[in-house]
Every structure is written in C-alpha cells, then in structure tokens.
Amino acid sequence: MITKQPFILFVVEDASGSRDQMHIFVDRTASIADIEAAAADFRSGFAAVSDARIVKQQFMFPAVEVPPPEPSAATLHAHAGVFIFRCANDEYAVVALPALNPARLMPDGLHIDQADPDIAAFVAACVAQGWSNPFGMDMLELATAYLQHRP
Amino acid sequence: MNTFPSDYDSAPCVLAPINVRIVPYVAGALAKYEKPAAWATFDDYRAGYNAIAEVQACMTALCARDLVQAQERLYRLLDTALLGTAYSVTGTDPDTLEPIISPPIPDVPATTAVLPGLVQRVARLEALLDNAYNGTLYLEYDQTPSLRQELENIRTQLAQLNTELDTKGELDDDMLIELGKVVLALA
C-alpha cells in the first residue's frame, strides 16, 4: 500500500450554480484537528477574495495498492456480507463487505457464521478500533450479520 | 428527495413475511437509503439511516419464523401440561441448524390425555373419588365395597345392636364380635 499526500477537497459554486473543485494538500503528519483548523482558515480567506462560495469540503487520505493483488475468488462484489452494529445513542451502523467469501456463510445460506475465527476477528476489530456510524456514534456490538445482494 | 416521517416513533409496525431466499435481495434494495443523497436534510438522513438499519437487523433477528416458533413453544407447553404429550428433540435441521422436535404439532388437539397431563390427572382423581365413595369400578380403581356401602353396613349393624339391647338388656358374644367389626371399620 502506497500512501499518497493527503488533501482537502473543496467544492465551490458560483452565482450561476456552476461548480468546481479545489485541492489543498496538507502535511501527512498533521492531526485531524490541525487540518480542520487549517480548512477553517482557508474558507475565511477564500470568502474574502472569491465571489464563489464553498458548499462542501472533504479530507482525503488516499492510498493505492501497487500493484493491486488478484482477487482470491470469482465472487462478485454485489455478494455482500452486511454487518449491522448497535451503536451509542440507540443508533446503528451498517458495514457492507463486498464479495463475501461464500464459505463464511452458515448452512442456511443467509447468515454469516459469527463463530468463524476470521469473521469474529473482523467484528472484534470493528468494535475495538473505535469505528462509528456516519453520525459519530461508536459501534458497541454486532446486532446481526447476513448476506445481501448490493449491486 | 425523501423526508423522514415526523410521526415515526408513534406509528405502528406491520409484519411482512419474506421468504428467506429473497431476504438478501429485499434487504440489499434498502441500501440506497443509507446514503445522504436519498434524504432531503441531514436530520432526515440520520433518522432514515438508523430506521433502515433497524429494519435490516429485524429482517433476520426478529423474523416471522421466530414468532411462529414462539407460538409453537407455547402450544407444546400447554399440550404437555394439559394432555401430557411428551415432546423431545430428535435431530437438527440441516438447513437452519435448528432442533427438530417430535411429535409434530397436530392440526387438531388430541382427544385422549395421558399422565402427567392435568386433564388425565383430574380424570383419575374423579375416578378415585367415584370408586371410593360410590363403588364404581375403573381399571385403575376397583376398591370394594365402597365407603357408602361400608357406612350402610355400619348403620345396619348398629341398628341390630340397638334391637338386641332393647330385647335382651345385654349383648351376647356374637353381638360383641359384630360391634368389634364396627369399631374396626370406623378406625
């Protein structure tokens, strides 16, 4: 895995509604808080000198596999293993794992075998790593895991 | 763009049985509602995401089969308690990995009852009382004579004693023996 230079993506929009993008590269050792502060400073500076407006920003930490490894089997990505976690604040998190290895399913062909050591390790990692749902609520425990077709 | 229903928390739920073989397709079709683009505002997105995720969780965790199985367990409990039917696990379903329980639940309840079922136990108590008091003969209870007959015999013997005393002024040996029998019967 080769890690590339992180950047902030700004989506800007002019008075006609036409949109464009800007990329501002940042120090890869900078903390999230530092990047957020830098982005806020940039938005202030941008507003002072541009007639367009910023409508969206994203922090990007790109990395690529060089060369990309071969898929381990012919399973289609739509054959997804979906893990639904209970989160804080009575919320949920949906983690869809593309191209789930069919051998990880229970004999009913629907449920994912949570006793499988690799599946258990994956679930434990999701909970232990402090991952959250899209709204910042930490994953607490797995509610269910089963096969879905997500084309 | 979708707005999340404002009365979601107070609205009732519906039960929509889905064949397990198409659960992956039905659940997968809901994935588009996990994305912000499907919703009008951030608040709609957050509420919609969590509601859709909960539906997906319920599609396997709280499926119709669980409800049916709960009802079947309740039937077996009543069947065993009332009619004495003995259920047992006789294997494992290779498809669902759930226990196979025998005998299967019948379309109509059995017309006979066995112990330790409550119906049979009450019937046996009724038979016991009927045999003991009235002398009615049953397969399990065939005690004779009945308590009623015993009391009648005692009453007759006491009447004879009374007559004997009135006529002779004393009891002879035979009557003393009969009186002893009465005392033993009352003991």
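In what follows, chains carry the letters A, B, and so on, assigned in the order in which the sequence lines appear, proteins first and then strands, with residues in each chain numbered from 1. Not measured: the values here are computed from a predicted model.
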Using atom types as modelled and distance alone, determine if a side-chain donor or acceptor of B/N50 lies under 3.5 Å from a backbone N or O of A/Y92.
yes
With no hydrogens and no angle check, is any side-chain donor or acceptor of B/Y49 less than 3.5 Å from a backbone partner on A/V94?
yes
Can you hop from [X] to [Y] via hydrophobic side chains spaced under 4.5 Å?
{"X": "A/I32", "Y": "A/V26", "answer": "yes"}
{"X": "A/L142", "Y": "A/W131", "answer": "yes"}
{"X": "B/I100", "Y": "B/I105", "answer": "no"}
{"X": "A/V95", "Y": "A/V127", "answer": "yes"}
{"X": "B/V23", "Y": "B/L30", "answer": "yes"}

Atom group of A/Y146 that falls short of 4.5 Å from chain B, counting heavy atoms
side chain
Is it the backbone or the side chain of B/E54 that comes under 4.5 Å from a heavy atom of chain A, or both, or neither?
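Both parts, heavy atoms under 4.5 Å.
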Any chance you could measure B/M59, atom CE, to A/L110, atom CG, to the nearest 0.5 Å?
9.0 Å
Would you mind telling me which of A/M137, A/R150, A/Q148, A/H79 has the largest number of heavy-atom pairs within less than 4.5 Å of chain B?
A/Q148
Where does the angle between the aromatic ring planes of A/H149 and B/Y25 fall among parallel (under 30°), tilted (30 to 60°) and perpendicular (over 60°)?
parallel
CG of A/D90: more than 12 outside heavy atoms within 6.0 angstrom?
no
Where A/T144 and B/A57 come nearest, the two heavy atoms and their spacing:
CG2-CA, 3.6 Å
